[in-house]
Amino acid sequence: MGAVALLVLAALLAPAGCGAGGDDPVRVGFSQLGAEGSWRAANTASIRSALTRADGFELTFSDDQRKQEGQVAALRRFIAADVDVIAFSPVVQDGWDPVLREARDAGVPVVVVDRSITSDLDGAYATRVGADFRAEGERAGRWVREHAPDARVFELQGTLGSGAQVGRQRGFRAVAGDQVVGEATGAFTRAGGRDVTAAALEAWPELDLVFAHNDDMALGAVEAVRAAGLRPGADVRVVSVDGTREALRALADGEIAHVVECDPLFGEQLAAVLRRVAAGDPVPERVVVPGRGFDRSVTAAQIEARAY
Ligand code: AHR
């Protein structure tokens, strides 16, 4: 870890004035975008377990069913309740400025969690805690360039317009865009990944690699390849993002070729940021959750040690 990263980490972990240790809990309203699969479930569990009363938080949690209108309504409820800080994982990246203006006008700070947003509003939010999606796409693209430079690639996209879909696609295309022969969205779900890959194998019978924007869709893609009478890992390779235990098992078994990690277990980092924001203390404008790549050298011990 570099010196700058260490300084940022130290600043985040330093105790802040409000919440932990104080009498009044930090009142947090958190809108989760809804259930999609194993990554999202692990992310919710990590955040819930870091924002407990014992940790100095009073958490109001809203599961917003993958609907932006539901998330906007939740944010408005949090503003009306005058919480100390709002946190939310935006299902898509555009369209948040009206409600963010309301929060800013009401003096309620906002922290963006996991997925990125676009905004033209000054001071729309204090910081974003989450992965660098573009870097994840680039990492996947580099693997394809190096290990499958002639592969015809089908890009299995996440929820269209989400920060994760846009960033991963941009990163991948910047490195291996000329290899992409087709694209469609599987909405980050296993069923979506399976159905869309089945249709893609008919539409583009020549394809030899699927780049899936997450592991759930990748596992669905593996099922579709097998159902089409092809061999995953041999006839059609699959490259994915997340690093769930199930995907790493498929990697070890040769059904998935490469996995780029996107770590959902950043509840403690988020808690540190929320304490500081609620106390009015400075935070870095971006808190990047790091990730790595996994290939077939992944060990059984690494797989079983995965917490998601
Ligand atoms: O925003 C992060 C993405 O959303 C993860 O890759 C995916 O699995 C999740 O649902």
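As the structure lists them, so they are numbered: ligands from 1, and atoms in each ligand from 1. The shown structure was predicted, so the numbers you read here are calculated from the model rather than taken from an experiment. Note that these values count all heavy atoms, side chains included, but never hydrogens, waters or copies made by symmetry. We number each residue from 1, following the sequence as shown.
Scanning the protein for heavy atoms near atom 8 (O) of ligand 1, the closest one is Asp242 OD2, 2.7 Å. Protein heavy atom nearest atom 10 (O) of ligand 1, with residue, atom name and distance: Glu36 OE1, 2.2 Å. Taking atom 2 (C) of ligand 1 as the reference point, the nearest protein heavy-atom neighbour is Asp114 OD1, 3.4 Å.
In the vicinity of Arg40, heavy-atom distances shorter than 4.0 Å reach the ligand 1 atoms 1 (O), 2 (C), 3 (C), 4 (O), 9 (C), 10 (O). Those atoms of ligand 1 with a heavy atom of Asn214 less than 4.0 angstrom away are 6 (O), 7 (C), 8 (O). Within ligand 1, the atoms closer than 4.0 Å to a non-hydrogen atom of Arg115 are 1 (O), 3 (C), 4 (O), 9 (C), 10 (O), numbered from 1 in the order shown.
For Arg276 (side chain) and Pro282 (main-chain N/O), a donor-acceptor pair under 3.5 Å exists by modelled atom type. With Trp143 contributing its side chain and His258 its backbone, the two residues share no donor-acceptor pair below 3.5 Å.
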- request: Could you go through the salt bridge (Lys or Arg N to Asp or Glu O under 4.0 Å) check for Arg139 and Glu261 one step at a time?
  value: CA-CA 10 Å; Arg139 195 189 277 271; Glu261 183 183 40; over 6 Å; no
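In this structure, the separation between CZ on Arg190 and CG on Asp215 is 10.0 Å, given to the nearest 0.5 Å. Phe172 contributes atom CZ, which lies 11.5 Å from atom CD of Gln157 (distance to the nearest 0.5 angstrom).
Looking at Arg168 against ligand 1, only its side chain comes within 4.0 Å, counting heavy atoms. Residue contacts with ligand 1 for Ala164 involve side-chain atoms from C-beta outward but no N, CA, C or O (heavy atoms, distance under 4.0 Å).
Taking the six-membered ring for Trp and the full ring otherwise, Phe188 and Trp39 have centroids separated by 6.0 Å or more.
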